[in-house]
Number of protein chains: 2
Amino acid sequence: MFLNKTTFKLDRKSKQALYLQLANTFIELIKNRKLLPKTKLPSSRALAENLNVHRKTVVACYEELSLQGWVESIAKKGTFVNANLPELKAQNFITDDNKNANRTGFNFYKNKDFTRISPQFKDEFMYLNDGISDARLTPTEDIARIYRRICSRKHIYKDMSYGSLFGNEKLRKTLANYLNKTRGLSVFYEQILITRGSQMGIFLASKLLLKTDDIVVVGETNYASADSTFLEREAKLNRVSVDENGLVTKEIEEICKKHPINAVYVTSHHHHPTTVTLSAERRIHLLNLAKTYNFAIIEDDYDYDFNYNHSPILPLASHDINGNVIYIGSVCKTVAPVFRVGYLIASKEFVNEAANQRRFIDRQGDALLELTFEEFIKNGDLDRHIKKVMKVYKTRRDIFCQLLKERFQGVFQFEIPKGGLAVWLILHKKYSWSNIAKIARKYQLEIGEWQRYDSAKTRHNAIRIGFATYSEKEIYELIHRLSKTILEVKSLEKSL
Amino acid sequence: MFLNKTTFKLDRKSKQALYLQLANTFIELIKNRKLLPKTKLPSSRALAENLNVHRKTVVACYEELSLQGWVESIAKKGTFVNANLPELKAQNFITDDNKNANRTGFNFYKNKDFTRISPQFKDEFMYLNDGISDARLTPTEDIARIYRRICSRKHIYKDMSYGSLFGNEKLRKTLANYLNKTRGLSVFYEQILITRGSQMGIFLASKLLLKTDDIVVVGETNYASADSTFLEREAKLNRVSVDENGLVTKEIEEICKKHPINAVYVTSHHHHPTTVTLSAERRIHLLNLAKTYNFAIIEDDYDYDFNYNHSPILPLASHDINGNVIYIGSVCKTVAPVFRVGYLIASKEFVNEAANQRRFIDRQGDALLELTFEEFIKNGDLDRHIKKVMKVYKTRRDIFCQLLKERFQGVFQFEIPKGGLAVWLILHKKYSWSNIAKIARKYQLEIGEWQRYDSAKTRHNAIRIGFATYSEKEIYELIHRLSKTILEVKSLEKSL
């Protein structure tokens, strides 16, 4: 083939050096068999003249091609396309790149139980969530200032290479102090593994506790991500009832009498999703069962910091004298989900093994962010932040609950939550969430995956709605959209 | 029992409110059965006087205990320890907290093949590594400045709540452009999953490709973390030879003729650990085999940016027209390990499923850091950084290799690496690394886990030594300590 300017389309403004542009075109021609093996390439002088480039550029290109093995230079004879190059097999040559992006040339395992991709958010829509904090209240600039200060420390580079699998030691120590003080724990820093967030804690605990057909006990309603993490381990879920005092531990005892179980997953502070608190009696019962039957309690204390009427209830982990509790939480849920710093606390032996497992999924955490939060906690910034936002969230809870009560009599039933950022909203049985979700979209309100709150199919007809992410004005707007939705649902009801 | 000041040890300087300190002591007494169920507590007035605290403090404490279910208030009768509280069973009461920290009250699965905890570093020691960048050269302040600027953006809170499983979309788009331009890829941003680093990419790929007894082909020498990730999936490793042109693809073909394989793992740019480059001929052969036998190629392009003599060789992924390559890399290995931003690139379908798997281990990445690196790449900072450090690393490589050559004739054999940050150092067969490692410690030099370079037990007697983390002065010091070590090894040899 004749090699000219049209063949090469050199772009002198590109960041890529000319010799590389040349080389890449040659590689394409060779791969596509437009230049066959053994073809002689033009001399560097001839090609340079032809393309109006410096001869050195062509020489550099040929060297590059030779180094990569696409061509061979034979002394006094010239440069030839490598004789041994096999032909690159293609389905057929594709001009539509998008088709290529969709082609997978091999088989792989898919998780049938759980294929769910995040929704695409539209600005004009309001999206319900299951109780997350309001990112607008984050002291972002304070955190960024600490971050930058830490980055300018003289010896900070020592924390910037490969570090401990357990997370930054300073943060582990500060966290041990902080949790011992605020949550009644009595742990050493060696018992703390810094994770990216609670989910990583749940994953690591499941990895060490559960294999195929092992049994984990969960509530008949339960945090959906925990359920799917256990199912992903191919474990069996044994569900027990949840009443106004949390998990019914008597049922756990019945199960233990029949066969061994590996773990119980519990959100003791405010049961996810129904928001009830595990009573003291059941706490002790559960701890005793764990001792008698040698199982692990995975205590996910996701919203310890959020209490309106009273001080938080100490976690099960604070009463754990037999080493049965794996305590999981997140420093940063309280601040904003973007800051991924959480922890897993258990015996040293368990934590060592969890660290070894962590190696496989994510070599280490972000020491700079960990050090930032170390300061944020030690300085009292975290406590101050919690105090500040709790006032805001309490107001939001009160307005939200008041409006729910006023506007939806006979439609919704709920208890005002004593803590946490969500309400467990029970819909009267003559209505269905499926209908509401459909109609709500007309009013730019997205109910979300309401089905996930009833994975055990008990038909409780309830969902969990977070109120904390909305300003007072937004709460009114949300209730307004919900009112219009319910009005239409009711009128449809009547017209039937 | 008599409740007095000694019982309660109230600390008025503590951050914890007095009523909570009171309550926690009560809980301890109840749990330890020093206050038995049905015991009547003193009246709030009496206890307040006794302890010299305000009566409201005791009332708040009793309310707290009641809320938590430890006590019951019976109108006109008083406050009693809850009659239904079971006794908390303990092995026996432990006074040594440390024993508690070591107690695990349940069984769990350990990974026998791979229990390795990071070493504790001592300041006066020099530690060999397998080729990592020098954190001291990181433009930390520039990065921190971008980070802070991003944090002060008006609408940044939108990126601070729960975000996409795939990583920040802006970064994915910038990365698609960047990689298409610099590495000859032609990918859409939807084909990119942002990970925390290469290890997470290897993990996610293994998760989707390998189950028990599935086969993955690797080199007879191979990156140890990849090996252990595959073994952790309970996959079988089929090893093929590695020569001066990389993986011997003919041997892969022989394996495929006998039985199906699921994947080939390859570090094509510079084979880990031996540093050789996969030749063009073998690249095409491997791609053709993947097409014919429907397997996945996991291409770990860990050091694409590090080349001394020529431009980098385009990855296999740039020639992948049949969707066989899963391309894994890390933006930040080039900068510093602390910045955990990597990527996995494959077909959209595969990337979607990888994102679903990512949900289990770590809900999402750090959008603020991702946006920081988006700017760092788009502004050309990354390219400028690479150019700058490459000059430094080239000098270090040259000095290191020159000294190795001068000082250790007949002891070590090696090739000067054309790229990357490490040398593959073959020890003469009359010496052993085990001896050297032992003696080196006397001279404050830690050879590290030399065994991991020969997991296939081929007795090549070589290890990989990174040179990039040492300044010129430190290289001289390192060589000095190694010289003293070798001298002692030789003299021991003679005296035998």
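First the proteins, then the strands, lettered A, B, ... as listed; each starts at 1. In what follows, every heavy atom counts, from backbone to side chain, and hydrogens, waters and symmetry copies are set aside.
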Visitor: Evaluate salt bridge (charged side-chain N to carboxylate O under 4.0 Å, His left out) for A:D142 paired with A:R145, printing each intermediate quantity in order.
Guide: CA-CA 5 Å; A:D142 296 347; A:R145 203 176 303 123; 3.5 Å; yes
Visitor: Report which part of B:L369 has an atom under 4.5 Å of a heavy atom belonging to chain A: side chain, backbone, both, or neither.
Guide: side chain
Visitor: Would you compute the distance between atom OG of A:S133 and atom CE of B:M160 and round it to the nearest 0.5 angstrom?
Guide: 9.0 Å
Visitor: Which one, A:G69, A:C151, A:P86, leads in non-hydrogen pairs under 4.5 Å with chain B?
Guide: A:P86
Visitor: Are A:N129 and A:T469 close enough that a side-chain donor and a side-chain acceptor fall under 3.5 Å?
Guide: yes
Visitor: Quick one: which of B:V187, B:I150, B:I284 has the most heavy-atom pairs under 4.5 Å with chain A, could you say?
Guide: B:I284
Visitor: Can you name the salt bridge (Lys or Arg N to Asp or Glu O under 4.0 Å) partners of B:D159, sequence neighbours left out?
Guide: none
Visitor: Answer with side chain, backbone, both or neither: which region of B:F339 has an atom nearer than 4.5 Å to a non-hydrogen atom of chain A?
Guide: side chain
Visitor: Taking side-chain hydrogen bond (donor to acceptor under 3.5 Å, both in side chains) as the definition, give me every residue that meets it alongside A:T292, ordered by chain and number, with sequence neighbours left out.
Guide: B:K89
Visitor: Can you tell me how far CD1 of A:I361 sits from OG1 of B:T229, rounded to the nearest 0.5 angstrom?
Guide: 11.0 Å
Visitor: With a 4.5 angstrom heavy-atom cut-off, could you sort out which part of A:Q357 is near chain B: side chain, backbone, both or neither?
Guide: side chain
Visitor: Answer yes when A:R340 and A:E370 have at least one side-chain N-carboxylate O distance shorter than 4.0 Å, and no when they do not.
Guide: no
Visitor: Contact part of B:R136 toward chain A, heavy-atom cut-off under 4.5 Å: side chain, backbone, both or neither?
Guide: both
Visitor: If you count heavy-atom pairs under 4.5 Å with chain B, which of A:L210, A:T195, A:I30, A:D320 comes out on top?
Guide: A:L210
Visitor: Counting C-beta onward and ignoring hydrogens, is there a side-chain heavy-atom pair between A:F188 and A:Q191 closer than 4.5 Å?
Guide: yes
Visitor: With respect to chain A, which residue among B:D214, B:T277, B:N245, B:I297 yields the maximal number of heavy-atom pairs within a distance under 4.5 Å?
Guide: B:D214
Visitor: Heavy-atom distances under 4.5 Å only: say whether A:R148 touches chain B with side chain, backbone, both or neither.
Guide: both
Visitor: Heavy atoms only, distances under 4.5 angstrom: which of A:K211, A:R283, A:H285 has the most pairs with chain B? Name it, please.
Guide: A:K211
Visitor: Given a strict heavy-atom distance threshold of 4.5 Å, which part of A:N107 is in contact with chain B: side chain, backbone, both, or neither?
Guide: backbone
Visitor: Relative to chain B, which segment of A:L278 carries a heavy atom at a distance below 4.5 Å: side chain, backbone, both, or neither?
Guide: neither
Visitor: For the residue pair A:Y147 and B:L368, establish whether any side-chain heavy-atom pair is separated by less than 4.5 Å.
Guide: no
Visitor: Which atoms of B:I132 come close to chain A, meaning under 4.5 Å heavy atom to heavy atom: side chain ones, backbone ones, both, or neither?
Guide: side chain
Visitor: For chain B, which of A:I156, A:L314, A:V351 has the most heavy-atom pairs under 4.5 Å?
Guide: A:L314
Visitor: Please classify the contact between A:L137 and chain B as side chain, backbone, both or neither, with a heavy-atom cut-off of under 4.5 Å.
Guide: neither
Visitor: Side chain, backbone, both or neither: which part of A:F350 has a non-hydrogen atom closer than 4.5 Å to chain B?
Guide: both
Visitor: Side chain from CB out, backbone as N, CA, C, O: work out which of these in A:T138 comes under 4.5 Å of a heavy atom of chain B, or both, or neither.
Guide: side chain
Visitor: Among B:E190, B:R149, B:K158, B:E141, which has the most heavy-atom pairs under 4.5 Å with chain A?
Guide: B:E141
Visitor: Please flag which part of B:N324 lies under 4.5 Å from any non-hydrogen atom of chain A: side chain, backbone, both or neither.
Guide: both
Visitor: So which residue, A:S279, A:G197, A:S347, ends up with the most heavy-atom pairs under 4.5 Å with chain B?
Guide: A:S347
Visitor: Check each atom of A:N24 against the heavy atoms of chain B and say whether the ones under 4.5 Å are side chain, backbone, both or neither.
Guide: side chain
Visitor: Does any backbone or side-chain atom of A:N82 lie under 4.5 Å from a heavy atom of chain B? Answer side chain, backbone, both or neither.
Guide: side chain
Visitor: Tell me, do B:N288 and B:Y293 make a side-chain contact under 4.5 Å, heavy atoms counted?
Guide: no
Visitor: Shorter than 4.5 Å, heavy atoms on both sides: which option in A:D134, A:N294, A:I143, A:L208 has the most such pairs with chain B?
Guide: A:L208
Visitor: Given heavy-atom pairs under 4.5 angstrom as the criterion, report whether the side chain, backbone, both or neither of A:I27 touches chain B.
Guide: side chain
Visitor: Run the numbers on B:K110 and A:E349 for salt bridge (charged side-chain N to carboxylate O under 4.0 Å, His left out), then give the verdict.
Guide: CA-CA 10 Å; B:K110 290 172 199 174; A:E349 182 195 22; 3.0 Å; yes
Visitor: Before accepting this row, confirm whether a basic side-chain N of the pair A:E353/A:K207 lies closer than 4.0 Å to the acidic partner's carboxylate O.
Guide: no
Visitor: Any side-chain heavy atom of B:Y157 sitting closer than 4.5 Å to one from A:T140?
Guide: no
Visitor: Determine the minimum heavy-atom distance between B:L165 and B:R359, stating which atoms define it.
Guide: CD1-NH2, 3.2 Å
